[in-house]
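Only one structure is covered here, and it is reproduced in the block below.
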Amino acid sequence: MNLRFHNTLSRKVEDLRPLEAGRLGIYVCGPTVYDAPHLGHARSAVVFDVFRRFFEALGYNVTLVRNITDIDDKIILKAQAAGTDYRTIAERYQNQYDAVMAALNVRAPHAAPRATAYIGTCQELVARMLRNGHAYRSGKSVYLAIHSCRDYGRLSGRSCDPLPDISRCREQPEKRHPGDFALWKGSKTGEPQWSSPWGPGRPGWHIECTAMSHALLNTPFDIHGGGRDLIFPHHENEIAQSIAAFGKPPAAMWLHHGMVTVGQAKMAKSKGNAPPLEALLQTYPPEAVRLFLLSRHYRRDLPYTESALQESTAQLNRLYALARRLQAAFGNLSPTPCRQSFLWQRFSRNLASDGNFAGGLSVLFETARDLNRALDATVANRYGALWRTTRSTAADWRYICRDILGVLHMTAEAHDPARHKIQAPVLSPAAIEGLVIRRQAARKNLDWGTADALRGVLEENGVRLQDKNHETFWQHGKQRGKITAGAQCDDGFETICQSNRHPSTKTV
RNA sequence: GGCGGCAUAGCCAAGUGGUAAGGCAGCGGCCUGCAAAGCCGUUAUUCGUCAGUUCGAAUCUGACUGCCGCCUCCA
């Protein structure tokens, strides 16, 4: 199967040919940790997490590197405003980022280097570029001369001249050309600094990525990824640096995902339109957020709306409902995928064709319907051919959901659709069971009015009931239990019923 | 102004030359005392508009309309 991806460099969908057979080196630009992570960061992480899982499932030896930029103007400003060290700020937001990505079931990359751990490598690169005549010292800083790098502007589709619109730039008399950019920034007083052959300072924004990707993956590596907003200047400048230092571009293929938008504008911290991810994850299941982030082709912008997340939550509940049925029917399914299966073929064809997540997802939903039908059809016959093929399809389905998409990794029992549907006042288990028992008594007496009213009281308090034969299962947040018909009430249930009385329960 | 992208049902969204996937919501039915879950059926003679190429176009070409991104903070 050919892996085909849209390469920003050529603007075409191309075959992905590993530079070294069986291996893939991937570098993704991670966050600058100066503020709380938002959905845009999550999209980047989740998209490349699924690519990584998919490539590994195909048998590639993948090395995924995602950096953390822990030194930059905004971190410094924030630290100064808070009267603290830049490290404190960077650590705080990196911890938040890591926690949120873990909640989203994003696998840790193989390396997550921080810029400040590679200052020495950055300096070596700067020295190299100076030696090669592509960089120049000016004032306390070192700049890269973009005119000296062949193909500058090719990635972003612009040329050196005229570049850029000077009216938009601050006056920077140290530069020979307005498009030149700092490799090493001479430090101002009060800023964090490192000593260097060019005086105290810190690395420019772009140099760290060249340093870390070269150190961890070597140049060139297979895939460089990131948000589309990084194409210019960041990735353009990375290419220039790599040419200046090594005479070759850093990566064979450039993958860029689209932006998460809010009300037709890009989601951005600077625009103040980004809901904090941590809050979002309190309202919606993390796996639903994952499904949402994978619901549209990765290259296109993804509009964020509440209703889209609600929809993804409904989808997730449906997938877990099937997972529950499968667990009941087959127990724990073999985690090993069947590469020959029709399902895997159809699913992987979608992912291999420029990461068509939405197409892959549709295959899984189709299969979910088929599995439900098959389970309906085979309840009476657990030994027929249909039962066996259903079991094997079920194993593949579960595998793809869990190991490739990174959803359905909890046991079906642990997933709680009610938790994210109803915001309920807390009832104690004893109180709930008292009401359930009372409702069962009413049902036994065919007193449907009372039974329905009690169901109403429970539902208003966020308790979900499910009747099955002689048992009633209840679920309230993370608590659950069952009551078998004929159970006795605890003392005091009357009081509970009284205290929970609600206008709509007056028929009780 | 320069460069790039997008327009498919009530909503979300695949499909890049062979006759419109999937999801959500809705509706009808089965099941259930009621409900939940599940299942079945149903929802675009049509893909922003106009013209062209072709036996054949949502898919290719041109024009037009609308929306968005980048142009040194950016995932």
Side-chain angles (χ1 to χ4, degrees), chain A residues 8 11 13 28-32 34 37-48 66 69 72-74 77 153 156-159 162-165 168-170 172 178-182 205-206 225-234 236-237 256-261 264-271 274 291-292 295-297 299-303 305 307-308 310-315 317-318 321-322 324-325 346 350 353 356-369 372-373 375-377 417-418 443 446-449 451-452 455-456 459 464-468 473 475:
Chain A
T8 308
R11 276 137 233 239
V13 177
V28 178
C29 284
T32 301
Y34 74 96
H38 58 62
L39 267 177
H41 300 109
R43 186 181 199 195
S44 178
V46 167
V47 161
F48 285 101
R66 187 182 63 217
T69 299
D72 123 299
D73 289 349
K74 277 193 270 198
L77 282 174
S156 55
R158 63 197 77 209
S159 59
L163 178 105
D165 181 353
R168 288 185 54 137
C169 299
R170 291 190 309 272
Q172 291 172 298
D180 292 352
F181 57 92
W205 172 30
H206 317 292
R228 203 173 50 215
D229 53 352
L230 294 176
I231 293 173
F232 190 89
H234 186 52
E236 194 70 76
N237 289 353
H256 289 102
H257 64 258
M259 301 291 100
V260 177
T261 59
Q264 303 210 306
K266 182 180 141 189
M267 179 179 285
K269 286 175 274 203
S270 53
K271 292 188 180 172
L291 285 178
F292 164 68
S295 67
R296 202 174 199 206
H297 193 282
R299 274 196 283 125
R300 300 183 63 183
D301 286 348
L302 178 66
T305 60
S307 66
Q310 281 160 12
E311 189 178 308
S312 296
T313 305
Q315 290 182 336
N317 289 341
R318 188 163 158 222
L322 173 58
R324 204 169 289 126
R325 287 192 83 185
R346 288 211 302 155
N350 272 292
S353 127
N356 186 354
F357 299 138
L361 224 38
S362 81
V363 172
L364 291 175
F365 275 107
E366 260 181 74
T367 307
R369 189 187 56 208
N372 272 315
R373 276 187 202 156
L375 286 172
D376 286 349
R443 294 177 74 211
L446 306 182
D447 180 0
W448 308 124
D452 287 350
R455 175 192 279 285
E459 272 179 3
R464 243 183 64 181
L465 296 183
Q466 218 173 320
D467 294 327
K468 256 183 196 172
F473 295 83
Q475 196 176 315

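Heavy atoms only: backbone and side chains are in, while hydrogens, waters and symmetry mates are out. So you know, we letter chains A, B, ... as the sequences are listed, proteins then strands, and number each from 1.
Annotation: of the two residues near RNA chain B, Phe181(A) and Leu302(A), the 5′-most nearest-nucleotide partner is Leu302(A).
Residue-level contact check: Val260(A) touches the bases, meaning some heavy atom is under 4.0 Å from a base atom. Contacts of His38(A) with the nucleic acid, taken as non-hydrogen atoms under 4.0 Å apart, include base atoms. Base engagement by Gly40(A) is indicated by at least one non-hydrogen atom pair under 4.0 Å involving a base atom. Using a 4.0 Å heavy-atom criterion, one finds that Leu230(A) contacts the sugar-phosphate atoms exclusively. Within the 4.0 angstrom heavy-atom criterion, base atoms lie near Leu465(A). Heavy atoms of Ser307(A) sit nowhere under 4.0 angstrom from any nucleic acid atom. Here Ala308(A) lies out of heavy-atom contact (under 4.0 Å) with every strand.
A donor-acceptor contact under 3.5 Å is not formed by the side chain of Ser44(A) with the base of A75(B). Residue-to-nucleotide contacts include no donor-acceptor pair under 3.5 Å from the side chain of Arg296(A) to the base of C12(B). One N or O donor and one acceptor, one from the side chain of Arg443(A) and one from the base of G33(B), sit under 3.5 Å apart. Residue side chain Asp452(A) reaches the base of G33(B) through a donor-acceptor N/O pair under 3.5 Å, judged by distance alone. For Gln315(A) against G23(B), no side-chain N or O and base N or O form a donor-acceptor pair under 3.5 Å. One donor-acceptor pair, N or O on each side, does fall under 3.5 Å between the base of C34(B) and the side chain of Asp467(A).
With G22(B), G69(B), C39(B) as the choices, the nucleotide that has an atom nearest any side-chain atom of Asn372(A) turns out to be C39(B).
Taking a pair as Watson-Crick or G-U with both hydrogen-bonding distances under 3.5 Å, the stems of three or more pairs touching RNA chain B are B:1-7 with B:65-71, B:10-12 with B:22-24, B:26-30 with B:38-42, B:48-52 with B:60-64.
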Could you list the donor-acceptor pairs under 3.5 angstrom formed between side-chain atoms of residues 357-367 of chain A and any protein atom two or more places apart in sequence or on another chain?
from	atom 1	to	atom 2	distance (Å)
Ser362(A)	OG	Gly359(A)	O	2.8
Thr367(A)	OG1	Val363(A)	O	2.7

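The aromatic ring of Trp448(A) sits over the base of G33(B), with ring centres less than 5.5 Å apart and planes tilted by under 30°.
No cation-pi contact links Arg66(A) to Phe48(A), judged by a cut-off of 6.0 Å to the six-membered ring centre and 45° from its axis.
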